[in-house]
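Owing to the predicted nature of the structure, the values given are computational and were not obtained by experimental measurement. Proteins come first, then strands; the chains are lettered A, B, ... in the order of their sequence lines, and each starts at number 1.
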2 protein chains.
Amino acid sequence: MRDPAPAPDPSSRSHAGRTEPARVRCSNCGILSRCLPASLNPEQLRVFEESMQRNRLLGAGDHLFRTGDPFHALYAVQSGCLKSYMVDAEGREHVLAFHFVGEIIGVDAIYPERHVSSCVGLAEQNNVCVIPYRTLTRLMQEMPALQAEIMRMMSRYVLTSTAIAGDFSAEERLAAFLVMAAARLRRPGGWSGELNLAMSRQDIANFLRLAPETVSRILARLHKSGLIKADRKRITLVDPEGLGEIAACINPYTRHRP
Amino acid sequence: MRDPAPAPDPSSRSHAGRTEPARVRCSNCGILSRCLPASLNPEQLRVFEESMQRNRLLGAGDHLFRTGDPFHALYAVQSGCLKSYMVDAEGREHVLAFHFVGEIIGVDAIYPERHVSSCVGLAEQNNVCVIPYRTLTRLMQEMPALQAEIMRMMSRYVLTSTAIAGDFSAEERLAAFLVMAAARLRRPGGWSGELNLAMSRQDIANFLRLAPETVSRILARLHKSGLIKADRKRITLVDPEGLGEIAACINPYTRHRP
DNA sequence: CGGAAGATTGACAGTAATCAAACGCTGTGG
DNA sequence: CCACAGCGTTTGATTACTGTCAATCTTCCG
């Protein structure tokens, strides 16, 4: 999330601004291995790059799109962290998903052809690659590897959606959230056990359909149990196994790997 | 669900048996307009048909697949109704989805390459078309219309998953469930307002993360309010508008249509 | 007809929400 | 450099929605 961005394009260093950064070269991107075009060969990768629009750089609170916006493109998170949310008729906010580095945003808008949720940046800098949908579908025709990756990606999306949707206790859901976040933030290189969450307690609560007070209380309880260390947004998984046991029910990420 | 099956293949009348029915011809199928190959031209349709395996005919309680089974194919519901569910470590059953006529089963297994849920028939007869995944991905390459339909289908899957997952009251979720079921069961031809649910109260409860008693109570309450008539599995939506108001929050099906 | 399974209704309990207040960062301005 | 405002977080007390336990009723088959 707010970790040192993995080999960002130099031009994106024109930070602070909505001044559009230059188009990113996937071949130089530090997160290529975890992104959509991971399995493309060099020539395909070049074609894929060519079809991307300029990246968008969002500060904390900047919107990528809002409910009702027409759907034109999917987005890949190059750095940062974003949340998709809806506000219902009663004014309650529902967080549908958090989007970490390497993940794809916007699949829920394909069918309705416009965005049903809003998407906002959480980290201080959020760099997203813009993948025009029309182009993407064309490329899928030519690149079986890309098509396969997209199908996997959407399948994974369904898995994660159904995971938290289940009938689990507050503690189980929060534990699962932490384990999932850890799995999704983990770099191939290894991992210290320390999370740096970009989202607020309120966001976590709205995602897990809990009150923010409940999130605090459970985090405190897990802390006292010695399973985690919770200091504001810096959360350390002291006993991942123990956490995983609590979250045993859920967690597609730990259960099934191809 | 248990409605008169829409123009089923004559051979499927060899009911009662697991004796495999002959391959169904999509071009003759009564639900073609609501199914995956809806937008294919006649020639493409012929090719699509050729690549299908024999249909599977399931009685109530028969399993289509179980957790852990290797993933080879997606399934399209030609008639009947099925549920996907998981049993967690504590032995609780979680219903992930109900599958109505025209809907696709198995997308959550694409990523893990084996089934993470079990799928079982609910109606007395459930006829599902078997679409080998390997073949499907090949056909997608050649048929843009098929590819587009699959992307829409998976997007819709994400939408419905996130709908019920939200933080809504028991009444809101149940109302939304009824409205969604009505929308998904509605024939193009029109509709009386009467539902014939194939699933038990327990199934509904496990899907909506409620106790079966709560489902009963809320149905009774909605009945007294004059919004529905609930007689066992036969539920009539007397005041769909009123129901829709309660479910205002959720319901991708009523909200966004392309 | 009788038994079993599912559905309904009632009484009570528990988890998590709500209301309320205090605490601790963070950033600003004196 | 420190004071203070503002916001998010934490903690406590109480409420309420929904779950659990239990009994009854209905339907469906054997």
Do any N or O atoms of the protein come closer than 3.5 Å to N or O atoms of nucleotides 8-11 of chain D, and which pairs are they?
from   : atom 1 : to       : atom 2 : distance (Å)
D:dT9  : OP1    : A:Arg201 : N      : 3.1
D:dT9  : O4'    : A:Arg232 : NH1    : 3.1
D:dT10 : OP1    : A:Arg201 : NH2    : 3.2
D:dT10 : OP2    : A:Arg201 : NE     : 2.7
D:dT10 : OP2    : A:Ser216 : OG     : 2.3
D:dT10 : O5'    : A:Ser216 : OG     : 3.3

A:Ser169 side chain, from C-beta outward: closest of C:dT18, C:dA16, D:dG19:
C:dA16
Round to a whole Å and report the spacing from CG of B:Asp167 to C1' of C:dA16.
11 Å
Residues at least two apart in sequence or cross-chain that pass salt bridge (charged side-chain N to carboxylate O under 4.0 Å, His left out) with A:Asp167, listed by chain then number, are none
Qualifying residues under side-chain contact (heavy atoms from CB on, under 4.5 Å), relative to A:Pro240, sequence neighbours excluded:
A:Leu237
Going by side-chain hydrogen bond (donor to acceptor under 3.5 Å, both in side chains), name the residues that satisfy it together with A:Arg66, two or more places apart in sequence or in a different chain.
A:His63
Whole-Å distance between C:dC25 P and A:Arg234 CZ?
14 Å
Looking at residues at least two apart in the chain, or sitting in another chain, which of them share a side-chain hydrogen bond (donor to acceptor under 3.5 Å, both in side chains) with B:Ser118?
B:Thr67
Rounded to whole Å, the CZ-P distance (B:Phe168 to D:dT18) equals 13 Å
Under 4.0 Å between any heavy atoms, over every strand shown, what does A:Ala170 touch: base, sugar-phosphate, or nothing? Just pick one.
sugar-phosphate
Roughly how bent is the helix from C:dC1-D:dG30 to C:dG30-D:dC1 end to end, in steps of 10 degrees, with each end axis from five pairs?
30°
side-chain hydrogen bond (donor to acceptor under 3.5 Å, both in side chains) partners of A:Ser84, counting only residues at least two apart
A:His99
Under a 4.0 Å N-O cut-off, is there an ion pair linking A:Arg92 with B:Glu172?
yes
Would you please name every residue forming a side-chain hydrogen bond (donor to acceptor under 3.5 Å, both in side chains) with B:Glu171, sequence neighbours left out?
B:Arg221
Expressed as a whole number of angstroms, how long is the span from B:Glu172:CD to D:dT18:C1'?
14 Å
Taken to the nearest whole Å, CZ/B:Arg92 to C1'/D:dT20 is 14 Å
Need one value for B:Arg209: base, sugar-phosphate or nothing, where a base atom within 4.0 Å counts as base even if backbone is also close, heavy atoms only.
sugar-phosphate
Do A:Phe168 and B:His94 have their ring centres less than 6.0 Å from each other?
yes
I need the CG-C1' distance between B:Asn206 and D:dT20, as an integer number of Å.
15 Å
Provide, to the nearest angstrom, the distance between the CD1 atom belonging to A:Ile204 and the C1' atom belonging to C:dA17.
18 Å
Listed partners of A:Glu213 passing salt bridge (charged side-chain N to carboxylate O under 4.0 Å, His left out), at least two apart:
none
